Protein chains: 2
Amino acid sequence: MMAKLQKSIDKRNALINATIALVNNAGFHATPMSKIAKLANVSPATIYLYFENKQDLVNKTYIDVKAQYTAYAFKGYEESMSVEEGFEHIWKRIADFKLNASESAMFLSQCDNTPIIDEPSLQEGIKHLQPLLDLWKRGKDEGIIKPISDYLLYAYAINPLSFLMMAQKRGSFKLDEKQIEEAYEAAWSSIKK
Amino acid sequence: MMAKLQKSIDKRNALINATIALVNNAGFHATPMSKIAKLANVSPATIYLYFENKQDLVNKTYIDVKAQYTAYAFKGYEESMSVEEGFEHIWKRIADFKLNASESAMFLSQCDNTPIIDEPSLQEGIKHLQPLLDLWKRGKDEGIIKPISDYLLYAYAINPLSFLMMAQKRGSFKLDEKQIEEAYEAAWSSIKK
DNA sequence: CAAATAAAAGTGAATGTTCATTCTTTTTTA
DNA sequence: TAAAAAAGAATGAACATTCACTTTTATTTG
């Protein structure tokens with residue numbers, strides 16, 4: 001029983017990882033189930049033991065990766081931190097994720113900019129961002145952060161990292177330690193009061 | 001002769017517009033040529049009189065839209081403007097484009113975050129951004145703009161507009177006059193020295 | 001200038017391939 | 001030895017592209 005379940009989780013993960021890699025390379029609709037199966041070392045038919053169909057596979061992959069992303073982002077963050085301290089912590093965790101788990105980050109970026117994921121799954125993925133919104137609320141109340149909409153805050157403080165990650169992935173430039181610092185500085189400038 | 005050429009351009013434009021609309025809706029690979037043809041009111045076979053194949057159609061569409069975008073962005077900008085004046089002008093033109101030509105803007109966003117456009121066409125599209133890079137160079141030389149990489153400047157000053165446009169398109173929030181002002185303020189804060 | 005003809009543009013229906021999904025059989029696990 | 005998991009091959013639909021034909025436009029010629 002234990003062994004069986006273990007094996008299943010491995011296979012499921014293999015399928016999810018194969019999906020991420022191949023969708024990054026060619027896009028969702030240009031990636032055949034047969035290739036995903038091959039990369040995950042299973043038969044195409046096996047995919048249907050773990051997922052309902054192709055759409056379900058990509059939805060579940062999205063939700064999985066989004067959960068990893070936010071778990072990573074908030075690791076080590078404590079509500080007891082000051083607003084600026086907390087923001088810097090979360091921001092740098094996110095930067096770290098985009099650099100070190102860039103396959104996952106690219107996948108999310110593709111999903112968030114195309115119609116491949118269905119609406120319920122997108123909603124599902126948004127939920128986990130609450131701690132950041134709470135932090136911003138606190139910052140606004142304390143008069144430290146500009147009193148503007150959360151969308152604007154996200155657009156200026158967090159989203160630029162996606163752009164930089166894509167640029168780096170395309171090989172146009174390198175996000176090193178120094179540039180991360182400069183980016184953080186720009187992010188904070190744009191939202192602090 | 002004149003009439004013939006005119007007619008051809010109309011048809012080409014119809015095909016490009018159909019491509020934009022349908023790719024926004026379903027993604028590139030999920031959009032059959034037959035649907036593009038139907039929306040453009042031509043036979044599927046006719047597409048191949050204007051474009052080599054499906055990839056060529058989407059590449060050319062991308063280059064076309066990118067050219068419209070940059071032409072719009074730099075309209076009215078003069079090198080004689082001050083750095084801040086020039087930046088505000090260009091920034092607001094871009095904001096305007098993302099709001100009013102949101103179909104085109106969404107299409108670009110999708111292309112820039114997925115592997116549907118081939119590398120040469122992406123390069124082709126970047127070229128037109130030169131005036132903005134020149135302005136930034138001037139700003140750095142005059143000590144008005146932070147001396148950081150152009151990618152960082154773009155990521156913080158310009159790219160957030162894409163995120164906001166997508167959020168608006170998804171119906172999550174409304175980018176009105178007031179929020180545009182706040183967004184401009186955030187953009188300028190993040191890059192000014 | 002009009003009739004005749006050549007050339008170009010456009011079409012709807014085939015073609016052949018690719019691929020998601022299912023079916024039947026085999027292997028593994030309990 | 002029964003049930004679950006997995007496999008490979010089969011199925012049928014969807015689709016990019018091509019083909020053979022028609023219509024429109026341009027050019028030539030009497």
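Remember, it's a predicted structure, so these values are computed and weren't measured experimentally. Excluded from the calculations below are hydrogen atoms, water molecules and symmetry mates; all remaining heavy atoms, backbone and side chain alike, are included. To find a chain, count down the sequence lines: A is the first, B the second, and so on, and within it residues start at 1.
- When each of C:dT11, D:dA16, C:dA20 is scored by its nearest atom to the side-chain atoms of B:Met33, the top-ranked nucleotide is D:dA16.
- Which of D:dT18, D:dT17, D:dA6 sits closest to the side chain of B:Ala45 comes down to D:dT18.
- Residue A:Leu49 has its side chain nearest to D:dA5 when only D:dA5, D:dC15, C:dC19 are considered.
- The side chain of A:Asn53 sits closest to C:dT21 out of D:dA16, C:dA9, C:dT21.
- Atom CD1 in A:Ile47 sits roughly 17 Å away from atom P in D:dA5 (whole-Å rounding).
- In this model, the phosphate group of D:dA5 is not approached by any side-chain N or O of A:Tyr48 to a distance below 4.0 Å at OP1 or OP2.
- Applying the ring-ring contact (aromatic ring centres under 6.0 Å, His included) test to pairs two or more places apart or on separate chains, those with a residue in residues 56-82 of chain B are B:Tyr69-B:Phe97, B:Tyr72-B:Phe97.
- Proximity of A:Ile47 to A:Lys54: side-chain heavy atoms (C-beta onward) are nowhere separated by under 4.5 Å.
- A:Asp112 and A:Ser109 form no side-chain donor-acceptor contact under 3.5 Å, judged by distance and modelled atom types alone.
- As rounded to whole Å, 16 Å separates atom P of C:dT22 from atom CZ of A:Phe51.
- Taking side-chain N and O atoms only, B:Lys11 has a distance below 4.0 Å to OP1 or OP2 of C:dG10.
- Rounded to a whole Å, the NZ atom of B:Lys38 is 11 Å from the P atom of C:dA13.
- As a whole-Å value, the separation of B:Leu57 CG from D:dC15 P is 16 Å.
- In this structure, A:Tyr50 atom OH and D:dA6 atom C1' are separated by 9 Å, rounded to whole Å.
- If you take NZ of A:Lys54 and P of C:dT22, they are 15 Å apart, rounded to a whole angstrom.
- In this structure, B:Glu52 places its CD atom 14 Å from C1' of D:dA16, rounding to the nearest Å.
- At whole-Å resolution of the value, NE2 in B:His29 and C1' in C:dT18 are 13 Å apart.
- B:Glu78 has its side chain within reach of B:Met81: a pair of non-hydrogen atoms, C-beta onward, lies under 4.5 Å apart.
- Comparing C:dA9, D:dA16, D:dA7 by their nearest atom to the side chain of A:Thr46 picks out D:dA7.
- For a distance-only test at 3.5 Å, the side chain of B:Ser43 qualifies as a donor-acceptor partner of the base of C:dG12.
- Note: B:Ser102 OG to B:Leu175 CG = 11.0 Å, rounded to the nearest 0.5 Å.
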